[in-house]
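So the structure is just underneath, and the comments pick up after that.
A note on names: the letters A, B, ... follow the listed sequences, proteins ahead of strands, and every chain is numbered from 1.
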Number of protein chains: 4
Amino acid sequence: MSGTVNKVIIIGHLGKDPEVTNTSAGSKIVRFSIATSETWRDKASGERKERTEWHNVVIFNEGLADVAERYLKKGSKAYVEGQLATRKWQAQDGTDRYSTEIVLKTFRGELTLLDRAERQAPSEESYGTTRSSAPASTSAKPSPVQPAFDDDIPF
Amino acid sequence: MSGTVNKVIIIGHLGKDPEVTNTSAGSKIVRFSIATSETWRDKASGERKERTEWHNVVIFNEGLADVAERYLKKGSKAYVEGQLATRKWQAQDGTDRYSTEIVLKTFRGELTLLDRAERQAPSEESYGTTRSSAPASTSAKPSPVQPAFDDDIPF
Amino acid sequence: MSGTVNKVIIIGHLGKDPEVTNTSAGSKIVRFSIATSETWRDKASGERKERTEWHNVVIFNEGLADVAERYLKKGSKAYVEGQLATRKWQAQDGTDRYSTEIVLKTFRGELTLLDRAERQAPSEESYGTTRSSAPASTSAKPSPVQPAFDDDIPF
Amino acid sequence: MSGTVNKVIIIGHLGKDPEVTNTSAGSKIVRFSIATSETWRDKASGERKERTEWHNVVIFNEGLADVAERYLKKGSKAYVEGQLATRKWQAQDGTDRYSTEIVLKTFRGELTLLDRAERQAPSEESYGTTRSSAPASTSAKPSPVQPAFDDDIPF
DNA sequence: TTTT
DNA sequence: TTTT
């Protein structure tokens with residue numbers, strides 16, 4: 001069918017760290033779920049209500065898969081632009097199931113980290129605190145151990 | 001969650017006429033499915049491929065439900081802007097199923113008919129005419145015979 | 001600045017045929033203006049009002065420039081997705097002027113023709129009519145005379 | 001013209017605090033400019049380049065004007081969805097000038113603050129504390145001094 | 001599962 | 001004028 005458009009724009013927060021799959025063909029696929037929510041005040045009760053919606057994102061676009069792997073993590077706020085695709089799969093009982101995903105294909109889609117760059121070392125945090133389990137750094141994913149990425153950071 | 005966005009933009013064609021449900025509460029809900037498609041040439045075989053994606057649209061927005069009911073029909077090309085919502089339902093075997101829909105809520109969403117105004121069967125009218133003064137009708141769907149809708153036509 | 005988005009989505013009609021510029025560097029730039037409009041009923045007078053907005057589109061993206069050149073013409077309905085850019089230029093009196101355009105850069109943006117494929121030869125039209133100046137064919141741009149485009153048609 | 005769409009989506013940072021105008025008719029108009037930018041590496045020189053684009057936003061939508069006035073300030077990161085409008089104005093020399101703006105009309109458009117809730121000056125508070133109970137305040141701009149806004153915060 |  |  002000619003002349004159609006299939007576009008989704010989501011701004012939300014990741015529920016967990018992204019999952020990275022390296023295919024046998026040598027490409028990388030990154031998946032994560034991202035939440036949006038709406039709040040409103042119930043007319044009758046006057047209570048504040050909230051509804052959270054979860055969206056499954058699948059990234060085939062190589063460049064964006066790299067970005068996702070490197071910079072997104074649980075809690076990250078991100079802009080995701082992709083297309084809707086409903087995938088059929090088989091449940092264990094043999095029945096067909098359908099899952100709708102937001103897909104970022106090769107050469108298509110956008111992904112932008114919306115968290116503000118974390119300002120340097122939050123050195124104050126550790127002053128006299130125990131916080132034993134806490135990471136010394138809350139900086140973005142590229143850890144000191146995995147130092148690199150001297151190349152372009154796309155956001 | 002604050003600061004989130006959940007937006008879908010679809011341009012496609014309706015697979016069937018819309019289904020209209022009048023609720024006991026006096027409101028109207030309109031549903032239809034709309035297809036988008038992509039075509040590409042397969043690298044290996046060189047064949048042209050096509051994949052069609054179907055999207056379920058549910059309109060709660062009253063004004064847009066009216067528009068959908070009046071002007072959309074099987075084959076109509078439309079612009080739909082709404083939000084993603086995944087609804088849980090029970091299959092006959094008692095298991096949970098999920099369906100993702102594009103929802104146009106009250107005061108939210110957009111719906112625009114993209115078909116050109118149909119020059120209603122202009123063929124008969126013009127036989128032998130000079131058409132000097134203009135076509136008998138370039139009006140949208142509400143034909144002269146079914147004069148109706150003297151109010152705002154929202155597209 | 002990191003984490004920004006600059007996106008425009010227009011559906012409208014071209015005011016004139018696109019203008020094509022072939023640069024000395026061998027690339028092609030296509031420009032056109034496209035109109036959107038809003039109609040509303042004036043509260044006071046009850047009159048129907050309309051406001052038309054014109055948008056200047058500039059296509060640097062090669063593939064989309066080809067599409068525009070081949071398939072768009074005056075009156076075409078199109079979906080355009082690009083980014084805003086404000087360009088400074090010099091008026092004849094030497095003062096600075098600014099013009100905001102919708103730009104489709106290399107590898108960015110989308111362009112989709114929304115006119116329905118015109119149904120073959122509108123043979124009826126010519127029955128006994130004079131319409132001397134009228135084109136015999138209202139078919140899309142690739143005329144029979146300029147036969148081909150055996151390659152991919154991207155919509 | 002029927003069936004048109006005029007939509008702009010911007011995510012960027014405000015260059016200054018918004019300007020609020022109270023009209024004689026009792027309505028409020030809020031204006032601000034918001035920057036988006038692109039960075040790329042120049043192929044020839046290998047240098048990193050950046051281009052910043054400034055967009056003028058005008059909010060007539062009352063609810064969103066309130067949000068802008070209350071919560072946006074210089075440096076804020078925001079999602080803005082509106083429509084393009086080119087306004088004509090007279091320069092001092094009497095010549096016509098044009099300015100393109102992103103307009104959020106009554107009942108139209110969206111505005112979402114994307115900054116994470118600021119854990120207001122957490123530094124002083126946490127010195128030597130266990131932070132057991134949580135930050136004293138996670139509220140946005142409305143400071144404790146100006147306690148107000150017991151109503152809905154729309155993001 | 002996120003976030004507020 | 002923002003931001004990185």
Should the pair [X]-[Y] be classified as a salt bridge under the 4.0 Å nitrogen-to-oxygen rule?
{"X": "D/Glu53", "Y": "D/Arg51", "value": "yes"}
{"X": "B/Arg87", "Y": "B/Glu101", "value": "yes"}
{"X": "C/Lys88", "Y": "C/Asp96", "value": "yes"}

Item to check | Aro-ring/base stack A/Trp54-E/dT2, d under 5.5 Å, angle under 30° | outcome: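 So A/Trp54 does not count as stacking on the base.
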
Checklist entry - Which one, E/dT3, F/dT1, F/dT2, comes nearest to the side chain of D/Ser33? => result F/dT1

Item to check | Proximal nucleotide (of F/dT1, E/dT1, E/dT4) relative to the A/Glu50 side chain | outcome: E/dT4

Whole-Å distance separating the [atom1] atom of [X] from the [atom2] atom of [N]:
{"X": "A/Leu113", "N": "F/dT4", "atom1": "CG", "atom2": "C1'", "answer": "12 Å"}
{"X": "A/Asn56", "N": "E/dT1", "atom1": "CG", "atom2": "C1'", "answer": "11 Å"}
{"X": "A/Ile10", "N": "E/dT2", "atom1": "CD1", "atom2": "P", "answer": "18 Å"}
{"X": "D/Lys73", "N": "F/dT3", "atom1": "NZ", "atom2": "P", "answer": "11 Å"}
{"X": "A/Ile34", "N": "E/dT2", "atom1": "CD1", "atom2": "C1'", "answer": "9 Å"}
{"X": "A/His55", "N": "E/dT3", "atom1": "NE2", "atom2": "C1'", "answer": "13 Å"}
{"X": "A/Lys16", "N": "E/dT1", "atom1": "NZ", "atom2": "C1'", "answer": "6 Å"}
{"X": "D/Asp115", "N": "F/dT2", "atom1": "CG", "atom2": "P", "answer": "15 Å"}

Item to check | F/dT1 phosphate, OP1 or OP2, under 4.0 Å from D/Lys74 side-chain N/O | outcome: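 It does not, given that no N or O in the side chain of D/Lys74 lies less than 4.0 Å from OP1 or OP2 of F/dT1.
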
Next on the checklist: Does D/Ser37 contact F/dT4 through a side-chain donor or acceptor facing the base, at a distance under 3.5 Å?
Outcome noted: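 Not at all, since no donor on one side and acceptor on the other fall under 3.5 Å apart.
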
Next on the checklist: Regarding F/dT2, can its base be found pairing with the side chain of C/Thr4 as donor and acceptor, where the two atoms are less than 3.5 Å apart?
Outcome noted: no

Checklist entry - Is a side-chain donor or acceptor of A/Asn6 paired with a backbone partner of A/Gln83 at a separation under 3.5 angstrom? => result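 Side chain of A/Asn6 to backbone of A/Gln83, a donor-acceptor pair under 3.5 Å: no, none is there.
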
Checklist entry - Quick check: does any side chain N or O of D/Asn22 sit under 3.5 Å from a backbone N or O of D/Lys28, one acting as donor and the other as acceptor? => result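 Judged by distance alone, no pair lies under 3.5 Å.
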
